[in-house]
Amino acid sequence: MSSSSDIRVRFAPSPTGYLHVGGARTALYAYLYAKKYNGTFILRVEDTDLERSTEESMRMQMQDLKWLGLDWQEGVDSETLKNVGEFGPYRQSQRQDIYQKYADDLLERQLAYYCFLSDEEIDQQKELAKKEGRPPHINSPYRDWPLQKALDYKKESSTQPVIRFKVPKENREYILNDLVRGQVKFQSEVVGDFVLIRSNGMPVYNFCCVIDDSLMKISHVFRAEEHLSNSLRQMMIYEAFNFERPQFGHLSIILGSDRQKLSKRHGATSVNDYNEQGFLPEAMNNFLALLGWSSPKAQEILSMKELVEQFDTDRLNSASAVFDETKLKWVNATHLRALDHKTLWEKLQPYFLKHNFDLPTDLEWQSLSLGLMKTSMETLADAVELFRPLSKGTFQLSEKAKEVLSWESTRPVIEKWVSLVKKCDKLTEEAFGEIQQTIKTECQVKGKNLFMPIRVAVIGQPHGAEVKLLVPLMEKSDLLERAQTALKSCP
RNA sequence: GUUCCCUUCGUCUAGUGGCCUAGGACAACGCCCUUUCACGGCGUAGACACGGGUUCGACUCCCGUAGGGAACGCCA
């Protein structure tokens, strides 16, 4: 179904690294809002920082977005990198001529000017302003030059100028009605003449953001809180062009456990990290959604569909939130266990492959074993240690298992176990029960002394899923081999 | 320094002036289930940053203070 509303929401990352979980949450909210109101979700790439932007980052971020299932209808195509949609191009680096046109317009209308100030001069000015207790704004001598004069000077001068916006001298109040923060007031005097176009011809964030959001008919802008103070400059630009302003929603920041802005030193912060650690995209979305938003039904576990249905801006929280990996794990575990066994098995394949596990291809076996193991899994990666004992040729005795093997009563139990297993045709749950009973009476052991040796002889660990359910999942030859290995470690 | 934003259990949050003796979830702890480990069930503990107002009444509105964050870039 194509979009039939005027709701157009964009996610506009800058490709200067991986997709951060904060960015992912912004994208999620934008996506949910678009979906909820049958609007269009747009991906625009803000790559005007030539030094830091890379195509590789752009591809990575798009992949992460795809992994999360946040598909866009308009924007840069993740495969071909081509522009899709009628408002393109969607990479800001390809829109330079557009920005230049709008800058020229401002120049002609005396609302902007060429500024030839050098870095040193600017530093001096700012220092002086600071010393005199004034706001650190620049005071450009080129501000009131007629355009022609500046153009002539530009031709003969060796320094390439920037284009600055002419912030009116008289103070004015700008009001922003923010979707999450309500009414926010700004005084125009807090900003000085800011750069619109860099000396290399590339526009600056605040400028292209306004032009693009306007030209692309964006109706709602969800972005991080750190952009809130940028809004003043942007409102000035909107005004200069007489553009209609979209609705803004400034989202709170995600914090680390020390209440500082989440960054690399907190550990995993990229969506891809979580992917590799075995988190499910639906769990990631669920958890991220709850970090700054709450379900009107007080639901904690929500599918993507439910998220779309229940999402709205009125339940967005303006306070910053700490990223709690423990809760993420719980959310992930819950989604994981809800998966049907066929799907879960498929998702586990890469992990098994990576560790060269030799596991049965029988579907019933797979389902049975998953049923047994999944209650102990929080992430997909947890399956590795859980299934290791079920894979052939990977038997290992843990330190705690060796403790069990050192017990006096252990050796006879395992020897009995070996002889009984040898005699048994089919190791069903019932057969196992009988074997256990026989050992109990013949070896005169019970409780821990009976149970643990068998467990260790089967999986090499004193803890894990129920042995009577585990044994039927294993081959007799393998079982015997394991028991022999265990016996070698018995005193 | 200036401006802006934020502040409810350890964490995520509910709360839009009386429904609050402040509810839920994760984590913690305890009990039950279980011859292990998990899962599951039940339960316990745990918060309105502080100080002033406004009001019959304030977690909720206003003003301060404190703390945290952001912006003041030719980064986004």
Side-chain angles (χ1 to χ4, degrees), chain A residues 12-16 23 46-49 51-53 92 115 117 119 122 126 129-130 133-137 160-164 176 178 180-182 184-187 189-192 194-206 208-209 223-233 250 252-253 255 257 259-261 287 290-296 298-301 314-315 317-331 333-334 337 372-378 386 400 404 436 440 446-452 454-456 459 461-467:
Chain A
S14 54
T16 54
E46 311 219 321
D47 55 352
T48 56
D49 185 347
E51 278 88 58
R52 298 201 304 145
S53 300
Q92 291 185 329
C115 178
L117 243 29
D119 288 349
I122 291 171
K126 287 194 173 168
K130 206 174 165 184
R134 287 182 287 120
H137 298 159
Q160 281 303 302
V162 298
I163 299 177
R164 285 184 189 276
L176 176 69
D178 192 86
V180 354
R181 271 148 231 282
V184 183
K185 292 175 182 169
F186 299 94
Q187 301 300 319
E189 65 189 359
V190 307
V191 299
F194 53 92
V195 172
L196 259 20
I197 308 270
R198 299 176 171 98
S199 51
N200 69 1
M202 267 296 169
V204 124
Y205 169 75
N206 283 311
C208 27
C209 188
R223 49 153 69 138
E225 184 188 352
E226 63 231 46
H227 292 295
L228 187 58
S229 32
N230 281 322
S231 300
L232 172 57
R233 290 177 183 73
H250 286 92
S252 61
I253 289 182
L255 270 25
S257 48
R259 298 214 140 261
Q260 301 291 305
K261 191 172 168 180
F287 173 74
L290 257 22
L291 223 52
W293 174 83
S294 58
S295 150
Q299 232 174 298
E300 297 281 338
I301 298 295
D314 57 348
R315 297 187 72 85
N317 198 148
S318 53
S320 44
V322 173
F323 190 93
D324 180 10
E325 211 159 299
T326 311
K327 183 155 181 182
L328 202 212
K329 280 185 182 161
W330 172 75
V331 172
T334 310
R337 287 167 200 155
L372 207 50
M373 300 302 189
K374 70 175 181 181
T375 54
S376 320
M377 287 169 60
E378 285 186 317
L386 257 13
K400 283 188 177 164
V404 173
Q436 195 170 254
K440 188 178 175 182
K446 58 179 182 180
K448 240 168 55 164
N449 290 331
L450 165 69
F451 214 62
M452 286 302 181
I454 300 177
R455 167 177 293 283
V456 166
I459 58 168
Q461 298 161 11
H463 299 301
E466 276 193 85
V467 179

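Below, chains carry the letters A, B, ... as their sequence lines are ordered, and counting in each starts from 1.
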For [N] and [M], measure between their [atom1] atoms and round to the nearest Å.
| N | M | atom1 | answer |
| --- | --- | --- | --- |
| B/rC20 | B/rG52 | P | 27 Å |
| B/rG18 | B/rA45 | P | 27 Å |
| B/rU34 | B/rG41 | C1' | 13 Å |
| B/rC6 | B/rA49 | C1' | 12 Å |
| B/rC26 | B/rG46 | C1' | 14 Å |
| B/rG17 | B/rC59 | C1' | 10 Å |
| B/rA71 | B/rA28 | P | 36 Å |

N or O in side chain of [X] less than 4.0 angstrom from [N] OP1/OP2:
| X | N | result |
| --- | --- | --- |
| A/Arg259 | B/rG67 | no |
| A/Thr375 | B/rG40 | no |
| A/Arg52 | B/rC74 | no |
| A/Lys327 | B/rU13 | no |
| A/Gln260 | B/rG69 | yes |

Expressed in angstrom and rounded to an integer, what is the separation of [X] atom [atom1] from [N] atom [atom2]?
| X | N | atom1 | atom2 | answer |
| --- | --- | --- | --- | --- |
| A/Glu225 | B/rU7 | CD | C1' | 12 Å |
| A/Leu328 | B/rA27 | CG | P | 12 Å |
| A/Phe186 | B/rC72 | CZ | P | 13 Å |
| A/Leu232 | B/rA70 | CG | P | 19 Å |
| A/Gln92 | B/rA76 | CD | P | 8 Å |
| A/Met202 | B/rA76 | CE | P | 10 Å |
| A/Tyr205 | B/rG73 | OH | P | 16 Å |
| A/Lys448 | B/rU35 | NZ | C1' | 11 Å |

Partner lookup for [N], please. Criteria are Watson-Crick or G-U wobble with both distances under 3.5 angstrom; report none if nothing qualifies.
| N | result |
| --- | --- |
| B/rG1 | B/rC72 |
| B/rU55 | none |
| B/rU44 | B/rA28 |
| B/rA49 | B/rU65 |
| B/rC39 | none |
| B/rC9 | none |

Give the nucleotide from the list [options] with an atom nearest to the side chain of [X].
| X | options | answer |
| --- | --- | --- |
| A/Arg164 | B/rC74, B/rC5, B/rA71 | B/rC74 |
| A/Ser318 | B/rC6, B/rA76, B/rA14 | B/rC6 |
| A/Asn317 | B/rU35, B/rU13, B/rC5 | B/rU13 |
| A/Val190 | B/rC39, B/rU3, B/rA70 | B/rU3 |
| A/Met452 | B/rU35, B/rU36, B/rU7 | B/rU36 |
| A/Ala319 | B/rC5, B/rC6, B/rA71 | B/rC6 |
| A/Leu450 | B/rC12, B/rU35, B/rC4 | B/rU35 |
| A/Arg315 | B/rA27, B/rA14, B/rA70 | B/rA14 |
| A/Lys440 | B/rA71, B/rU35, B/rU7 | B/rU35 |

### Message
Closest-nucleotide mapping onto RNA chain B: is A/Ala465 or A/Ser294 further toward the 5' terminus? I mean the 5' end.
### Response
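Going by which nucleotide is closer to the 5' end, it is A/Ser294.
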#### Entry: Pairwise 5' ranking along RNA chain B for A/Val184 and A/Leu291, keeping only the more 5' one
A/Val184
### Query
Ignoring hydrogens and angles, are the base of B/rA76 and the side chain of A/Asn230 linked by a donor-acceptor pair under 3.5 Å?
yes
### Query
Any N or O donor-acceptor pair linking the side chain of A/Thr326 to the base of B/rC26 at under 3.5 Å?
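Check fails, no donor-acceptor contact within cut-off.
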Heavy atoms only, 4.0 Å cut-off, all strands: where does [X] land among base, sugar-phosphate and nothing?
| X | result |
| --- | --- |
| A/Val195 | sugar-phosphate |
| A/Arg181 | sugar-phosphate |
| A/Lys185 | sugar-phosphate |
| A/Ser257 | nothing |

### Message
Measuring only between side-chain heavy atoms, which start at C-beta, is A/His250 closer than 4.5 Å to A/Ser231?
### Response
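Yes, side chains in contact.
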### Query
If we only count heavy atoms from C-beta on, is the A/Gln436 to A/Val467 side-chain gap below 4.5 Å?
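The answer is no, as the side chains (C-beta and beyond) never meet within the 4.5 Å cut-off.
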### Message
Between the side chains of A/Lys327 and A/Glu300, is the shortest nitrogen-to-carboxylate-oxygen separation below 4.0 Å, so that they form an ion pair?
### Response
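Yes, A/Glu300 and A/Lys327 are salt-bridged.
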